[in-house]
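Below is one structure, written out as structure tokens; the observations come after it.
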Protein chains: 2
Amino acid sequence: MDLSEKLDGHGAAGTAGRRSDAVAAELARMIQTGDLQEGERLPAERELMQRYGVSRTAVREAIVSLANRGFIETRLGHRPIVRKADYEIAVDRVGNLVGHLMVDREGVWNLFETRIFIEGGLARWTAKHARPVDLEELRSALESNRQAIGDPLLFDETDAAFHAVLYRAPGNPIYPAIHKAYVEWLTQHWRSMKRGAGIDQMNHAGHVAIFEAIVARDPDDAEESMRRHLVAAWEFVRSTFPTDR
Amino acid sequence: MDLSEKLDGHGAAGTAGRRSDAVAAELARMIQTGDLQEGERLPAERELMQRYGVSRTAVREAIVSLANRGFIETRLGHRPIVRKADYEIAVDRVGNLVGHLMVDREGVWNLFETRIFIEGGLARWTAKHARPVDLEELRSALESNRQAIGDPLLFDETDAAFHAVLYRAPGNPIYPAIHKAYVEWLTQHWRSMKRGAGIDQMNHAGHVAIFEAIVARDPDDAEESMRRHLVAAWEFVRSTFPTDR
DNA sequence: GTTGGATTTTGGTCCGACCATATGGTATAG
DNA sequence: CTATACCATATGGTCGGACCAAAATCCAAC
């Protein structure tokens, strides 16, 4: 097939956009419809150029495009491998796009504010709908967090794990993907904070308050506790910016 | 400069990854640090190949990569233009990554569920913190929506505008970007629904209930009204899937 | 000063070649 | 017979030069 483009000799961009875009679109379609299964190897470049009647250059640029969009994975000396993007990869990619928006206090605040919003809502949701198994997970995560007080690295880890339980509770894979992004994007600011031993105590206390509100099935209290917990955390994050007002 | 890579003759991938990746990384850095300002034109390909000591092929692939990531915008016969990605572009890009997850009912439901979650939270937030000007905007949007009953296209437009007010209210640019994505991603399913005149009536009634709860400053009622409104809408979206259970 | 065509710039494509890595099969050593 | 070293091949990565088409620019004619 010729991509339904009249083979107008070799040379410049035809009347219908870039050749490489046409190839990329065709391959992307095959991936999305399942003609090319996940994990399968893409045809070799030299075969694709014959199949679609374009040069290897065009094929290569199409492959680069697909790779950048996360549809395939390229390794040197190896045929590209089909990789359907999931929510995590997708959200991950947003990160390197808006990285430049995360350099000043306003950009980070915008992100952090959405976190307060979402986790507040999650705390409310969990207080209302959590199953016993969710509560048990939460209790367990809280205990691990308590034991980690004093060990900065371990505390951060168990801290994230505690919040992760809330993101998992609704059973929607989009939430954990968002949580992963929050952790990755905000982690650098978190790390640059010098923090005394008292900070861990305070954060753990926040977790306790959230947990207790949830087991008490008090949505309002759960949301408010979460909000207080995160706003307190923000005070430290914001302190990492020189131009504080 | 030579990208700090020993110019190991022309030929295959050096010891340090692809040449094009190195060029892309360097240009991306220049964009993020502001050495290349928004709207500015990138140097010509033939100049970049000299400046970095690589072939035009490598330069081109680097440019393709940057374009796919949204850092630059390419037009035929035109130098690429620097375009720093904002929240909208970023969220937009997630769409074409997870497009394949939006083909079955489960994927769409996961997305729709997050919409219910977020808009429920927004309704609650607005009921609690809305300024008079927000309420006025909301009232105006509601009136436009009422007048559009019967005109399918206009109704959808005013419907989205009504919800948009809620996304704008917190003053965080991330929320409108998310709303835009919801509208774009779910719009196709929405369109494929044949709907009688009564549906508009029902949806408008839902908006009225939400509005009244907000002006009454009743967060619980606002969230619940929004939830009912969206769950009802979901019933129609789900009907567009053949494998209903 | 404005307009319209010729020239220059610049991106898009093709071709053929070469190198580096990865894979697999084969011959050789144990 | 097994295991290892080695070589042929497949495949991706890079280069250089060439040509085309669209856009931008320049310049002369009006």
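Lettering of chains follows the sequences in order, A, B, ..., and the numbering in each one begins at 1.
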Ion pair present between B:Glu137 and B:Arg168, side-chain N to carboxylate O less than 4.0 angstrom? yes
Assuming nearest nucleotide by heavy-atom distance, tell me which of A:Pro80 and B:Arg56 is located more 5' along DNA chain D. A:Pro80
Categorize B:Arg75 for me: base, sugar-phosphate, or nothing, with a 4.0 angstrom heavy-atom threshold over every strand shown. sugar-phosphate
Without decimals, in angstroms, what is the distance between A:Arg41 CZ and D:dG12 C1'? 13 Å
Atom NE2 of B:His78 and atom P of C:dG12 are separated, to the nearest Å, by 12 Å
Send over the distance from B:Arg19 CZ to D:dC15 C1', rounded to a whole Å. 9 Å
Report the nucleotide, chosen from D:dA22, D:dT14, C:dC14, that has the shortest atom-to-atom distance to any side-chain atom of B:Leu76. D:dA22
Between P on D:dT14 and CD on A:Glu61, what's the gap in Å once rounded to a whole number? 13 Å
Nearest whole angstrom, please: distance from the P of C:dC15 to the CD of A:Gln50. 11 Å
Which residue, A:Ala58 or B:Ala44, contacts DNA chain C at a nucleotide closer to its 5' end, judged by nearest heavy atom? B:Ala44
A:Glu47 atom CD is separated from D:dT9 atom P, nearest whole Å, by 19 Å
Need to verify one output field. Residue with the more 5' nearest nucleotide on DNA chain C, B:Thr74 or A:Met49? B:Thr74
When the distance from CG of B:Asp21 to P of D:dG13 is rounded to whole Å, what number comes out? 9 Å
NZ/NE/NH1/NH2 to OD/OE distance under 4.0 Å, A:Glu38 and A:Lys84: no
Counting side-chain heavy atoms from C-beta on, which of D:dC15, C:dT13, D:dG12 comes nearest to B:Thr57? D:dC15
Take atom CZ of B:Arg79 and atom P of D:dA24, then tell me their distance rounded to the nearest Å. 11 Å
Given C:dG12, is OP1 or OP2 found less than 4.0 Å from the side-chain N or O atoms of A:Ser20? no
What about B:Arg46, does its side chain sit under 3.5 Å from the base of C:dG11 through a donor-acceptor pair? yes
Mutual orientation of the aromatic rings belonging to B:His179 and B:His163 [parallel < 30°, tilted 30-60°, perpendicular > 60°]: parallel
For this output row, return yes or no: ring centroids of A:Phe117 and B:Tyr175 closer than 6.0 angstrom. yes
I'd like to know if the side chain of B:Gln37 reaches the main chain of B:Gly34, judged simply by a donor and an acceptor atom lying under 3.5 Å from each other, with no hydrogens or angles considered. yes
